[in-house]
Amino acid sequence: MAGKLDDMIAPDERVVYRARYGFRDALTNLLLISAWIGVIWVAVNWPVGFEPWDTYFLLSLISGFGAFETWRAFTKTSVVTDRRFLYKAGFINPKVHDIALSEIEGVACYPNVLWFRQGTIRVRAGETITRRLVPDAENTCRAIRTEAGLPQPPPLARKVIVWAWLNTVFVMAVTLSFMVGILYQVTLAYVWPATDAPLLEVLHDFVLLPSMIGAALIGVVVSTALAVTVARIFLSVNEASQLIYLAYAYQSGIKWLGSLTRGHVWFAERFLSLLYGQTIRCEESE
């Protein structure tokens with residue numbers, strides 16, 4: 001997998017750091033995936049109880065999603081030399097970035113708290129290049145900064161990473177619970193007369209999607225407000241800023257999804273600022 005990058009390295013070029021996804025990382029991430037999917041599953045289905053097939057569906061969901069995320073991670077490799085940053089992503093038609101260290105103006109790393117030793121890297125070299133789910137992203141960024149002569153930011157507090165994980169899982173669980181609740185209520189409201197009134201079937205479909213979207217937005221707002229309120233008790237101002245910083249790991253390359261994520265981060269920043277009585281903000285890039 002790394003052969004293509006190795007072929008690009010000159011004989012007199014020194015490899016400083018190499019990062020790839022290992023089997024220990026894969027096992028750790030599978031356990032993490034199992035944990036947060038299990039927590040979310042229980043939160044969403046607890047009010048209605050469990051059926052025997054639910055367990056098999058949950059195991060299939062964990063296995064399928066875990067296998068997909070592991071495969072995606074295994075297709076990524078990065079190499080830092082004394083001259084360049086090389087990064088490859090993809091298997092069938094891999095995309096390779098070859099960036100000279102002399103061209104790098106700044107590099108930012110946003111660890112992904114849902115996955116072990118992965119994160120988002122943004123490199124400024126004329127344009128901003130964003131790579132997601134990069135293996136060992138933090139150490140890769142440190143190696144780039146060292147070789148490029150850039151300052152090293154202070155490390156993130158482990159307590160903040162734990163809180164970010166708890167907050168993320170909590171927001172996901174509450175949001176899905178709101179959506180499932182709305183789905184159940186709307187379905188229940190229109191199921192009994194549907195066979196006698198075809199128009200109600202159309203009305204059901206017309207009402208369902210806006211209701212689900214509205215429930216998702218309400219769930220995100222309510223759960224985020226609750227999560228950061230609890231975090232306010234345990235985190236200092238600097239740690240709260242780091243909590244916001246970690247949220248940028250989930251910025252998406254899809255325009256509409258990226259806009260929703262930025263809106264969510266903006267709300268968290270403003271709510272935390274209100275709770276702390278001062279501005280809590282973290283710039284997206286260094």
Side-chain angles (χ1 to χ4, degrees), residues 17-40 43 66 69-70 73 76 78 80 106-123 130-146 150-174 223-251 261 264-265 268-269 271-273 275-276 278-286:
Y17 197 79
R18 185 191 302 270
R20 64 180 66 174
Y21 203 60
F23 286 100
R24 185 179 65 177
D25 300 333
L27 178 60
T28 303
N29 278 326
L30 182 58
L31 293 175
L32 286 174
I33 289 172
S34 303
W36 64 260
I37 289 182
V39 169
I40 292 171
E69 290 298 325
T70 300
K76 298 177 171 65
S78 60
V80 180
V107 57
C109 174
Y110 308 91
N112 190 319
V113 297
L114 290 180
W115 318 117
F116 176 68
R117 292 183 71 246
Q118 292 185 30
T120 296
I121 289 180
R122 289 192 176 92
V123 178
T130 302
R131 296 290 90 190
R132 298 172 179 83
L133 295 178
V134 178
D136 203 8
E138 292 181 84
N139 288 326
T140 299
C141 279
R142 290 192 187 100
I144 294 173
R145 294 189 191 102
T146 298
L150 299 172
Q152 298 282 2
L156 293 170
R158 292 302 169 188
K159 180 172 69 172
V160 175
I161 295 176
V162 172
W163 270 103
W165 187 89
L166 292 173
N167 288 352
T168 301
V169 173
F170 178 74
V171 169
M172 293 171 67
V174 172
S223 58
T224 299
L226 289 174
V228 298
T229 299
V230 175
R232 169 66 179 88
I233 302 173
F234 299 94
L235 301 182
S236 65
V237 172
N238 181 59
E239 290 170 340
S241 298
Q242 291 184 348
L243 188 68
I244 294 298
Y245 180 87
L246 286 170
Y248 287 109
Y250 303 95
Q251 294 284 351
T261 306
H264 181 221
V265 175
E269 287 178 339
F271 201 85
L272 276 172
S273 298
L275 291 174
Y276 282 88
Q278 64 184 81
T279 301
I280 303 293
R281 180 172 176 76
C282 182
E283 295 299 329
E284 179 176 349
S285 57
E286 297 176 347

Qualifying salt bridge (charged side-chain N to carboxylate O under 4.0 Å, His left out) pairs, either residue in residues 27-37, two or more places apart: none
Closest heavy-atom pair and its distance - Ala240, Leu272: O-CD1, 4.2 Å
Passing option when Cys141 is tested against Asp136, Val123, Val107, Val134 for side chain to side chain contact (heavy atoms under 4.5 Å, CB included): Val107
Distance in Å, Arg122 CZ paired with Thr130 OG1, rounded so as to fall on 0.5 Å steps: 4.5 Å
Non-hydrogen side-chain atoms of Thr229 and Phe271 separated by less than 4.5 Å: yes
Residues in ring pair (Phe, Tyr, Trp, His ring centres under 6.0 Å) contact with Tyr17, at least two apart in sequence or another chain: none
Gap between atom CG of Asn112 and atom CD1 of Ile161 - 0.5 Å precision: 11.0 Å
Qualifying salt bridge (charged side-chain N to carboxylate O under 4.0 Å, His left out) pairs with a residue from residues 161-172, counting only residues at least two apart or across chains: none
Results of side chain to side chain contact (heavy atoms under 4.5 Å, CB included) for Ala231 - residues two or more places apart only: Trp163, Asn167, Leu235, Leu243
Reported CG-to-SG distance for the pair Leu246 and Cys109, which is rounded to 0.5 angstrom: 9.5 Å
Approximate separation, where rounding is to 0.5 Å, of Glu138 CD and Thr140 OG1: 10.0 Å
Residues that Val169 engages under side chain to side chain contact (heavy atoms under 4.5 Å, CB included), provided they are two or more places apart: Trp36, Val39, Ile40, Leu114, Trp165
Main-chain N/O of Ile280 paired to Ser273 side chain as donor or acceptor, under 3.5 Å: yes
Partners passing side chain to side chain contact (heavy atoms under 4.5 Å, CB included) against Leu166 (at least two apart in sequence or in another chain): Val162
Distance, nearest 0.5 Å, that separates CG of Leu156 from CD of Gln242: 5.0 Å
Any residue meeting side chain to side chain contact (heavy atoms under 4.5 Å, CB included) with Ser236, in chain and number order, not counting sequence neighbours: Asn238, Glu239
With Ser223 via side-chain hydrogen bond (donor to acceptor under 3.5 Å, both in side chains) - residues at least two apart: none
Heavy-atom pair with the smallest gap, counting every atom of Lys159 and Phe234: NZ-O, 3.2 Å
Listed partners of Thr146 passing side-chain hydrogen bond (donor to acceptor under 3.5 Å, both in side chains), at least two apart: Gln152
Test item: Val160 and Tyr245 side chains (from C-beta on) under 4.5 Å apart, heavy atoms: no
side-chain hydrogen bond (donor to acceptor under 3.5 Å, both in side chains) against Arg142, all qualifying residues, sequence neighbours excluded: Asn139
Spatial distance of atom CD1 (Ile144) from atom OG (Ser78) [nearest 0.5 Å]: 7.5 Å
Where Ala268 and Ile244 come nearest, the two heavy atoms and their spacing: CB-CD1, 3.7 Å
